Each structure stands twice: as structure tokens, then as C-alpha cells.
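All values reported here derive from a predicted model rather than from experimental measurement. This chain uses plain numbering: 1 for the first residue, then up along the sequence. Whatever order the structure lists them in is the order used to number ligands and atoms, beginning at 1.
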Amino acid sequence: MTQATTLKEQAAGKADETPELTDGFHLVIDALKLNGLTTVYGVPGIPITDFGRMAQAAGIRVLSFRHEQNAGYAAAIAGFLTKKPGICLTVSAPGFLNGLTALAHATTNCFPMILISGSSEREIVDLQQGDYEEMDQLAVAKPLCKAAFRVLHAADIGIGLARAIRAAVSGRPGGVYLDLPAKLFGQVMNAEAGRKSLVKVIDAAPAQIPAPSAIKRALDILKSAKRPLIILGKGAAYAQADDAIRTLVEKSGVPFLPMSMAKGLLPDTHPQCAGAARSTVLRDADVVMLIGARLNWLLSHGKGKTWGEAAKQFIHIDIEPREMDSNVEIAAPVVGDIGSCVAALVEGMGGTWPAPPADWTNAVKAKREENVAKMAPRLMNNNSPMDYHGALGVLRTVVKEHPDAILVNEGANTLDLARGVIDMYKPRRRLDVGTWGVMGVGMGQAIAAAVETGKPVLAVEGDSAFGFCGMEVETICRYHLPVCIVVFNNDGIYRGTDVNPLGGSDPATTVFVKGARYDKIIEAFGGVGVQAQTPDELRRAVGAALASGRPTLINAVIDPAAGSESGRIGNLNPKSALGKK
Ligand code: ADP
Ligand code: TPW
Ligand code: MG
């Protein structure tokens with residue numbers, strides 16, 4: 001028997017008596033897994049590099065991005081798609097700040113997300129003694145999210161994550177910050193005690209049942225309506241109460257208007273869809289039922305020219321009681337989760353429900369058909385360079401042929417025109433800039449959509465919008481994701497034709513390099529790059545991308561003069577009182 005064997009045997013014998021140990025790294029991983037949170041979007045570095053490695057080794061899917069903001073947008077949209085908090089993981093101070101924009105965006109959009117950031121030594125940070133990446137991250141995060149927590153002891157990791165999960169998904173969903181100081185990861189504790197300290201969150205988003213009196217009030221008003229309208233918002237898409245919503249809409253016979261990310265909850269081609277008669281229904285409706293949509297700027301705050309002169313009564317279904325009366329008086333507040341509220345409304349409607357007056361539904365139908373007919377020839381033009389309508393006509397057909405694919409969309413003209421032109425057929429297939437109209441969400445959303453759903457993704461991006469997140473094409477190629485990016489390249493922001501008022505060598509503030517080849521970017525990483533000058537070329541390239549599932553970037557050359565200032569919201573630009581630019 002050699003000396004070495006003896007020692008080994010001794011060590012083995014001793015190990016039997018030593019209690020099994022765990023540490024902060026493993027407790028965080030175990031807590032995430034226990035709660036079914038098995039995908040993490042982030043960027044590695046001190047103090048979370050080893051955490052990422054260990055999480056991957058433990059079977060968590062860890063997707064490393066090139067910038068935390070994009071990882072954050074991925075986590076936010078994963079929350080929207082799955083009703084579970086999307087997890088974003090960042091390093092301290094600068095990484096944390098890069099992720100914070102996305103956390104605020106998640107909160108603004110009511111998406112559940114948890115930003116987990118490593119942080120530096122508390123004792124040094126609080127005395128401001130200049131630690132590595134020093135920042136009081138908890139204090140910075142607090143005003144920008146729904147809740148913020150810090151865990152200092154390994155034994156509290158289970159409770160800390162449970163609180164973060166509940167805060168993210170219960171009531172109105174939102175972004176939560178979870179601060180994990182570097183020292184926590186290495187803290188050791190008894191493994192059995194560690195296991196017992198973990199919390200499996202039961203019923204994280206409990207049903208919130210509406211009061212029967214609120215349901216009756218809402219139905220009485222709806223029944224009395226002469227020109228009723230239902231507006232579906234992204235809260236309705238998030239709720240995953242698709243069948244109940246469809247039943248409510250169809251049983252009531254009321255025209256419905258989907259907000260951008262609620263498109264497809266019922267198909268845009270549904271006979272009751274009023275998407276193509278938006279101005280008419282907003283102006284003329286007398287009773288408006290909002291389901292998971294706020295009366296914010298996107299609905300002109302429920303007043304003014306958009307809403308016309310006629311008196312209106314609002315029925316508002318939302319989980320957040322304080323949303324009621326936020327902009328105009330709500331005649332019938334229905335507070336609860338959308339699944340429960342809509343089910344109660346359907347039940348309250350009983351066996352038969354009077355159809356809305358035919359003169360109203362016929363007027364909506366006529367307006368819609370008129371607008372669709374007006375648009376049709378523009379979508380079939382074969383101009384080169386393409387205009388927006390020619391290119392979008394192609395993509396409209398592609399989406400019709402691939403109704404399961406997920407459409408990601410950002411830009412100004414590229415967003416506003418695509419939203420109107422491209423019909424959606426299934427719920428949660430359209431992802432876009434959301435409540436803030438933020439540029440740069442596209443690649444993060446495309447990645448998360450592919451990862452969370454396994455479905456093909458078509459990302460329709462303005463050239464400016466793409467520039468905010470374009471480096472993530474490497475991420476798309478690295479993980480072999482079935483994402484086809486179409487860059488609407490009009491040489492700039494809104495238009496590529498602006499000139500510097502002073503002449504000189506600096507270009508105008510809104511234009512980019514003319515004739516840029518965005519398709520070359522993806523080629524650097526082994527993806528497929530295509531230049532498309534005509535609608536036919538675009539059709540072939542997108543078709544090939546969706547058929548192959550290979551990461552593809554199509555540079556769609558759009559007439560630089562085709563767009564308008566700020567797309568459809570140019571009216572929001574302040575004007576100089578002096579009338580000059
Ligand atoms: P949109 O931009 O599509 O009009 P908003 O983001 O303005 O939609 O509104 C979404 C609304 O949906 C928010 O007020 C939010 O509180 C609400 N909401 C989100 N999830 C639910 C749910 N499960 N049940 C009820 N309301 C919800
Ligand atoms: C984070 C302001 C709104 S739209 C837009 C910018 C910069 C780009 C529009 O150009 P694009 O589309 O994408 O090429 P198109 O088809 O009209 O040419 N920073 C952030 N968010 C916003 N919204 C802006 C700036 C903006
Ligand atoms: Mg552009």
C-alpha cells in the first residue's frame with residue numbers, strides 16, 4: 001500500500017463524517033431551477049463569470065450577449081411570451097447600468113423580468129472608498145423598477161428569489177432588480193440547510209377575481225351601446241386567455257381594434273377586426289371596452305380629436321386598480337386578471353346576447369373594405385429602389401404563409417407602416433418597440449423569441465433601429481438561431497435625403513453612409529447575407545431564409561425619399577416658434 005493511497009483513503013473516510021456543503025453560487029442556481037427559471041440572458045465578467053459557467057453545467061441555458069441592454073430586452077420579451085420572469089444577468093456598475101434600460105422598459109411595458117447583477121463589496125461601496133466597479137446599484141435601480149432586493153446571506157437566497165419572482169409576475173407585472181454582492185457567491189453553508197432554505201413559489205400570480213357587481217355594471221353599459229368597440233392591448237396578449245377573449249368578442253359581435261402587440265390575438269382578417277378602420281371606430285364609438293390596454297399616448301389619452309365629439313363611456317378591464325380614471329373617467333372599472341374578468345363577462349352574457357346595431361357594424365365593415373382596397377395596389381408595386389409598401393407587400397404575404405413565425409419590428413416608418421400592412425394570425429406573434437417606442441429592442445427580442453418558442457423569427461428593422469443592437473447578429477449566428485433580419489435601408493433616420501443646412505463636409509444629422517451593405521455584417525460570422533433591390537429579390541431571399549432556418553440578414557434597399565418624419569407620429573415633434581430649422 002502506497003503512501004498516496006493511504007492518504008486518499010483517509011480523506012475518503014473523513015469525507016463521510018464531514019457535512020455536505022453548498023455555497024451561494026449553487027444556491028442561486030438551485031433556486032432558479034426549483035422555480036423553473038432555466039434560461040438566462042446576460043454578459044459574463046466579475047463577479048458572475050463562474051456563476052454563468054456553473055449554471056450552464058447545471059443545465060440552465062445561459063445565452064451570452066455582446067451588450068447587456070440586448071440581453072435585457074431578450075429577458076423582458078421572454079417574460080411577455082412565457083408569463084415567467086425573464087432573467088438577465090450582468091456584472092456590476094457598467095454592466096448593471098447597461099441592463100437597467102431594459103429593466104425600466106420591462107416595467108413600463110408590464111413585462112415580468114428579473115435583472116440579477118453582481119455587485120461590489122458593500123462595506124467599501126457604502127464608504128465610497130473606490131472599489132472595483134463601485135456603485136450603490138440597489139439605490140440606482142429602485143426608482144426604475146417595480147421592486148428591488150439585495151441578498152447578503154446565502155441562507156436568504158431562496159427567500160430573495162421568491163420575493164423577486166412574486167414581485168415580477170403578480171398583479172401588474174414588471175421589472176425587478178436582485179442585487180447579489182460578490183461575497184455572497186462564495187459564502188458556504190450546510191447543504192441540507194441550504195436545500196431547506198430554498199422556496200418553490202406556489203401560485204406566483206394568483207387569479208384576481210372581479211366583483212360580480214363590476215361585471216354587471218360593465219355588461220349593462222355594453223348592452224346599451226349603439227356603437228360599441230373593444231380595444232385589445234398587449235396585456236390581453238400577455239394574459240394567455242386567448243379562447244375566452246375570442247368567445248367574448250364573437251359572442252358580443254362587437255368590432256375589435258388590436259393594439260400593436262395584441263395583433264393576432266384574433267386574426268387581423270377576422271370579420272369583426274376594425275384595424276383598417278381605426279380612425280373611424282375611435283372617433284364614432286359610444287362605448288369602448290378596453291382589455292389590457294392603457295389610455296396612454298398610444299390612444300391619445302382617451303380624448304381630443306382622435307376620439308371625436310360624441311360622448312363616450314369606457315369599460316376598463318385591468319389588473320391594476322390605479323389605472324382606472326388615469327386619463328378620463330371610467331364608467332365601468334373591472335379590476336382583476338383578464339382571464340377571470342373575461343370569463344365572468346362571458347358567463348354574465350348568458351345564452352343569447354343582442355348583436356350591436358347593424359348600421360354600426362356595417363359602417364365599420366364598409367370603411368375597412370374601402371381602406372383595404374385603397375392600400376392593395378400600393379402593396380403590389382414592383383418599384384426599384386423599393387418603397388415601403390412594395391417591400392411590405394412581400395412581407396405581408398410571407399407572414400400569411402408562415403402564420404406561426406414571430407415578427408419583430410422596429411424603426412419609425414419601418415414600424416408604423418409594417419404594423420398597418422402586415423396582418424397577424426396568431427396570438428403573441430408580433431413583438432415591437434412597446435410603450436416607449438424604444439429603438440434597439442429588435443435583436444434581443446428576436447433571440448428570445450427563437451429561444452423561448454423554437455419558432456422561426458422575421459425581424460423587420462429600420463436601418464437606424466438595427467444599428468442600436470446590430471452586433472447581436474454574432475449572437476444569432478453563434479447559437480444558430482432561425483432568425484431572418486430584413487434591414488429596411490433608406491440611408492437614415494426617417495429618410496436618407498436630408499442635407500446639412502450649412503453645406504460643408506459633415507452630413508445631415510439624420511443620414512447614414514449611403515448605399516451601406518448591412519448584409520456584409522452577418523457574413524463575418526458565417527450567416528447568410530443578401531442584398532435585395534426589388535420586391536421579387538426580397539421575396540426570394542426571405543423565402544430561402546425561412547426554408548433553411550439559417551441566420552440571414554437581407555439588406556432591403558429602400559428609396560431614401562420614401563419615408564416621412566417620425567413615421568406616423570411626426571405631430572409629436574415640438575415646433576420652433578421662429579419657424580426656422
Ligand atoms: P398597449 O400598449 O397594447 O395598449 P398597455 O401596455 O398600455 O397595452 O396596457 C397593458 C395593460 O395590461 C396594463 O395596464 C397592465 O396592468 C394590464 N395587464 C397586464 N397583464 C394583465 C393581466 N394578466 N390581467 C389584467 N390586466 C393585465
Ligand atoms: C433608444 C428616436 C425614433 S425612430 C428612430 C429613432 C432614432 C429611428 C428611425 O429610423 P429607422 O426607420 O429605424 O431607420 P425609418 O424606416 O423611419 O428610416 N433612441 C431610442 N429610441 C428612440 N425612439 C429614439 C432614439 C428614434
Ligand atoms: Mg431608416
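- When non-hydrogen atoms are compared, ligand 2 lies under 4.0 Å from neither the backbone nor the side chain of Phe466.
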Please lay out, stage by stage, how Lys263 and Asp268 fare under the test salt bridge (charged side-chain N to carboxylate O under 4.0 Å, His left out). CA-CA 7 Å; Lys263 274 165 70 82; Asp268 284 329; 2.9 Å; yes
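- Counting protein heavy atoms only, atom 20 (N) of ligand 1 is closest to Tyr238 CD2, 3.5 Å.
- Under the 3.5 Å distance criterion, with hydrogens and angles disregarded, no donor-acceptor pair is assigned to the side chains of Thr475 and Arg66.
- Close N/O approach between Gly492 and ligand 2 is found [any backbone or side-chain N/O within under 3.5 Å].
- Per-residue contacts place Gly411 under 4.0 angstrom from the following atoms of ligand 2 (heavy atoms of the residue considered): 12 (O), 13 (O).
- Ligand 1 has an N or O atom lying under 3.5 Å from an N or O atom of Ile338, backbone or side chain.
- Using modelled atom types, one finds no donor on one side chain facing an acceptor on the other under 3.5 Å when comparing Thr269 with Asp423.
- There is a side-chain donor-acceptor pair under 3.5 Å between Asn555 and Asn489.
- For Gly434, the closest heavy-atom approach to ligand 1 does not fall below 4.0 Å.
- Against a heavy-atom cut-off of under 4.0 Å, Ala293 is close to the following atoms of ligand 1: 4 (O), 8 (O), 9 (O).
- Look at Ala262 and you'll find every heavy atom at least 4.0 Å from all atoms of ligand 1.
- Looking at atom 7 (C) of ligand 2, its nearest protein heavy atom turns out to be Ser464 OG, 3.8 Å.
- Lys83 forms a cation-pi arrangement with Tyr238, by the criterion of a distance under 6.0 Å to the ring centre and an angle within 45° of the ring axis.
- Every atom of ligand 1 with a heavy atom of Gly336 under 4.0 Å away is listed here by number and element: 24 (N), 25 (C).
- In this comparison of Gly437, Gly440, Ala562, Ala412, the heavy atom closest to atom 12 (O) of ligand 2 sits on Ala412.
- Considering only non-hydrogen atoms, atom 5 (P) of ligand 1 lies nearest to Arg294 out of Arg322, Glu320, Arg294.
- Remark: ligand 2 atoms within the under-4.0 Å shell around heavy atoms of Thr414 are 12 (O), 15 (P), 16 (O).
- A donor-acceptor contact under 3.5 angstrom links the side chains of Asp387 and Asn381, judged on distance only.
- Proximity of atom 22 (C) of ligand 2 to the protein is indicated by at least one non-hydrogen atom lying closer than 4.0 angstrom.
- With 2.8 Å as the limit, Asn413 does not count as an N, O or S neighbour of the Mg ion (ligand 3).
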Test Tyr388 against Asn490 for side-chain hydrogen bond (donor to acceptor under 3.5 Å, both in side chains), laying out the working first. CA-CA 10 Å; Tyr388 285 93; Asn490 66 342; 2.8 Å; yes
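- No side-chain donor-acceptor contact under 3.5 Å links Gln533 to the backbone of Val557.
- In this structure, Ile406 CD1 and Leu81 CG are separated by 5.5 Å, a value rounded to the nearest 0.5 Å.
- Contact between Tyr388 and ligand 2 is present, with at least one heavy atom of the residue lying under 4.0 Å from the ligand.
- Using modelled atom types, one side-chain atom of Thr534 and one backbone atom of Glu537 make a donor-acceptor pair closer than 3.5 Å.
- Remark: the backbone N or O of Gly302 is not paired with any side-chain donor or acceptor of Thr306 at under 3.5 angstrom.
- Near Met259, meaning under 4.0 Å from one of its heavy atoms, ligand 1 places the atoms 3 (O), 4 (O).
- For the pair Ile77 and Ala448, the tightest heavy-atom approach, listed with the atom from each and the gap, is CG2-CB, 3.5 Å.
- By the 4.0 Å heavy-atom criterion, Tyr494 is counted among the residues contacting ligand 2.
- Considering both main-chain and side-chain atoms, Glu410 never comes within under 3.5 Å of ligand 2 through any nitrogen or oxygen pair.
- The Mg ion (ligand 3) lies under 2.8 Å from an N, O or S atom belonging to Gly492.
- Between Ala465 and ligand 2, a contact under 3.5 Å exists for at least one N or O pair.
- Counting only non-hydrogen atoms, the option in Asp416, Asp463, Asn413, Leu417 that gets closest to atom 14 (O) of ligand 2 is Asp463.
- The shortest contact between atom 26 (N) of ligand 1 and any protein heavy atom is with Ile319 N, 3.1 Å.
- For the side chain to side chain contact (heavy atoms under 4.5 Å, CB included) criterion with Leu553, the lone passing option out of Val487, Val486, Val483 is Val487.
- Among protein heavy atoms, the minimum distance from atom 3 (O) of ligand 1 is reached at Lys234 N, 2.7 Å.
- In this pair, Phe111 and His105 present their aromatic rings perpendicular. The plane angle is above 60°, beyond the 30 to 60° band.
- Scanning the protein heavy atoms around atom 23 (N) of ligand 1, the nearest turns out to be Ala239 CB, 3.9 Å.
- Taking a cut-off of under 4.0 Å to the non-hydrogen atoms of Gly233, the atoms of ligand 1 that pass are 3 (O).
- Contact annotation for Asn296 and ligand 1: only side-chain heavy atoms (C-beta onward) come within less than 4.0 Å of the ligand.
- Ligand 1 places these atoms under 4.0 Å from at least one heavy atom of Cys110: 13 (C), 15 (C).
- One of the N, O or S atoms belonging to Asp463 lies under 2.8 Å away from the Mg ion (ligand 3).
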Report the C-alpha separation of Ser566 and Asn573 in whole Å, then their side-chain angles, then the decisive distance to 0.1 Å, and conclude whether the side-chain hydrogen bond (donor to acceptor under 3.5 Å, both in side chains) test is met. CA-CA 8 Å; Ser566 301; Asn573 284 307; 3.0 Å; yes
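- Residue Met439 holds the heavy atom nearest to atom 1 (C) of ligand 2 of all those in Glu461, Met439, His105, Arg495.
- For the residue pair Thr435/Asn296, the side-chain donor-acceptor check at 3.5 Å is not satisfied.
- Note on ring orientation: taking the six-membered ring where Trp is involved, the planes of Trp307 and Phe314 are perpendicular (angle over 60°, cut-offs 30° and 60°).
- Defined by atom type and a distance below 3.5 Å, a donor-acceptor pair is present between the side-chain atoms of Asn70 and Glu472.
- When heavy-atom distances to ligand 2 are checked against a 4.0 Å cut-off, Phe468 comes that close only through its side chain, counted from C-beta outward.
- Ion pairing of Asp243 with Arg246 is absent here, as no side-chain N (NZ or NE/NH1/NH2) approaches a carboxylate O to less than 4.0 Å.
- Remark: side-chain polar atoms of Asn500 are not paired, donor with acceptor, to backbone N or O of Pro507 under 3.5 angstrom.
- Considering only non-hydrogen protein atoms, atom 10 (C) of ligand 1 sits nearest to Gly292 O, 3.1 Å.
- Of all the atoms in ligand 1, the ones that sit under 4.0 Å from a non-hydrogen atom of Arg172 are 13 (C), 14 (O), 15 (C), 16 (O).
- Counting only heavy atoms of the protein, atom 19 (C) of ligand 1 lies nearest to Gly235 CA, 3.8 Å.
- Counting heavy atoms under 4.0 Å from ligand 2, residue Ile493 touches it through both backbone and side chain.
- When only interatomic distances are considered, the shortest N/O to N/O separation between Asp318 and ligand 1 falls below 3.5 Å.
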